[in-house]
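Below is one structure, written out as structure tokens; comments come after it.
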Amino acid sequence: QVQVVETGGELVQSGGSLNLSCTITGRNADRYGLGWFRRAPGKEREGVLCLARIGTTTVYIDSIKDRFTISRDNTRDGKKSTVNLLMKKLQPDDAATYYCAAEWLGDCKGSWDGAYFGQGTQVTVSS
């Protein structure tokens, strides 16, 4: 079991940039695939980006291509991982609550049903 905590959400102007950070702590945290999801008001949750445990990246939605990037750092003891979501050229449609998720040995291809999700961090984009 791991704990997942997101930070970094705030109000940003359209066209601006923002970095979200997520800390995953617990035994073998470095063995989890890590993903970012978002849910806008009145919409279903959608996947954004995923970084598999083996290091491959999966983009879930075309609208964020070439604007969002995901990166990861693990501590040496494997008990803490930090995954960042750098978002550039933000648009009003990017406004949502962003969630980080950790899936054991995740390869970004599963349903995330058994994943650990954080509480989310709010991103607001002013037009």
Side-chain angles (χ1 to χ4, degrees):
Q1 184 173 354
V2 292
Q3 288 73 48
V4 180
V5 178
E6 309 96 334
T7 58
E10 63 182 56
L11 172 64
V12 63
Q13 287 189 335
S14 181
S17 299
L18 190 64
N19 186 71
L20 303 182
S21 186
C22 174
T23 301
I24 299 91
T25 54
R27 185 180 178 185
N28 296 319
D30 60 339
R31 296 189 183 183
Y32 285 74
L34 303 176
W36 283 98
F37 295 77
R38 68 186 184 185
R39 177 179 282 147
K43 296 185 178 181
E44 293 189 354
R45 187 184 71 194
E46 61 180 356
V48 178
L49 274 172
C50 175
L51 189 56
R53 185 183 70 87
I54 61 173
T56 55
T57 299
T58 298
V59 178
Y60 288 132
I61 48 176
D62 289 342
S63 66
I64 60 93
K65 282 183 178 178
D66 300 324
R67 297 191 300 122
F68 290 13
T69 55
I70 188 171
S71 62
R72 175 179 191 161
D73 290 309
N74 300 319
T75 57
R76 276 193 178 183
D77 61 7
K79 294 181 179 179
K80 180 179 177 180
S81 289
T82 302
V83 59
N84 293 298
L85 180 67
L86 177 60
M87 305 183 291
K88 297 181 179 179
K89 300 179 182 179
L90 282 163
Q91 303 164 6
D93 285 347
D94 295 317
T97 300
Y98 282 73
Y99 299 89
C100 177
E103 184 178 57
W104 177 249
L105 303 180
D107 62 0
C108 303
K109 300 175 183 178
S111 65
W112 295 86
D113 285 346
Y116 296 94
F117 281 80
Q119 293 299 307
T121 186
Q122 182 69 42
V123 174
T124 304
V125 182
S126 63
S127 58

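Count residues from 1 along the sequence.
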Distance-only criterion, 3.5 Å: show the donor-acceptor pairs between side-chain atoms of residues 3-22 and protein atoms not counting sequence neighbours.
{"unit_1": "E6", "atom_1": "OE1", "unit_2": "Q119", "atom_2": "N", "d": "3.1"}
{"unit_1": "E6", "atom_1": "OE1", "unit_2": "G120", "atom_2": "N", "d": "2.9"}
{"unit_1": "E6", "atom_1": "OE2", "unit_2": "C100", "atom_2": "N", "d": "2.8"}
{"unit_1": "E6", "atom_1": "OE2", "unit_2": "G120", "atom_2": "N", "d": "3.3"}
{"unit_1": "N19", "atom_1": "ND2", "unit_2": "N84", "atom_2": "OD1", "d": "3.4"}
{"unit_1": "S21", "atom_1": "OG", "unit_2": "N84", "atom_2": "OD1", "d": "3.2"}

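- Pairs passing the salt bridge (charged side-chain N to carboxylate O under 4.0 Å, His left out) check and including a residue from residues 83-97, sequence neighbours excluded, read R38-D94, R67-D94.
- Considering only residues two or more places apart in sequence or on other chains, D62 meets the side chain to side chain contact (heavy atoms under 4.5 Å, CB included) condition with K65.
- The shortest side-chain heavy-atom distance between V48 and Y60 does not fall under the 4.5 Å cut-off.
- Y32 and Y99 fall into different hydrophobic clusters, where Ile, Leu, Val, Met, Phe, Trp and Tyr side chains are chained together by heavy-atom contacts under 4.5 Å.
- From T69, atom OG1 reaches atom CG of L86 across 4.0 Å, with rounding to the nearest 0.5 Å.
- Residues in residues 25-86 take part in these disulfide (SG to SG under 2.5 Å) pairs, two or more places apart or across chains: C50-C108.
- The neighbour count for D77 CG, taken as heavy atoms of other residues, nucleotides or ligands under 6.0 Å away, is above 12.
- When all heavy atoms of G26 and V2 are compared, the closest pair comes out as CA-CG1, 4.1 Å.
- In this structure, CG in L85 is found 12.0 Å from CG in L34, a value given to the nearest 0.5 Å.
- Note on L49 and V125: same hydrophobic cluster, where clusters join Ile, Leu, Val, Met, Phe, Trp and Tyr whose side-chain heavy atoms are under 4.5 Å apart, directly or indirectly.
- Note on residues 106-127: pairs passing ring pair (Phe, Tyr, Trp, His ring centres under 6.0 Å), not counting sequence neighbours, are F37-W112, F37-F117.
- Separation of atoms OG (S81) and CG (D30) is listed at 5.5 Å; rounding is to 0.5 Å.
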Open item on the list: Pair I70, V83 - check side-chain contact (heavy atoms from CB on, under 4.5 Å), show working.
Closed with: CA-CA 7 Å; I70 188 171; V83 59; 3.6 Å; yes
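- R31 pairs by the side chain to side chain contact (heavy atoms under 4.5 Å, CB included) definition with N28, R53, W104, L105, not counting sequence neighbours.
- What you find for K79 and T75 is that their closest heavy atoms are N-OG1, 3.5 Å.
- Looking at every heavy atom in both residues, K80 comes nearest to A29 through N-CB, 3.9 Å.
- Across T124 and Q122, no two heavy atoms sit closer than the pair OG1-CG, 3.9 Å.
- At a threshold of 4.5 Å between side-chain heavy atoms, the hydrophobic network of Ile, Leu, Val, Met, Phe, Trp and Tyr places I61 and M87 in one connected group.
- Annotation: side chain of F68 is not in contact with side chain of V59 (no heavy-atom distance under 4.5 Å).
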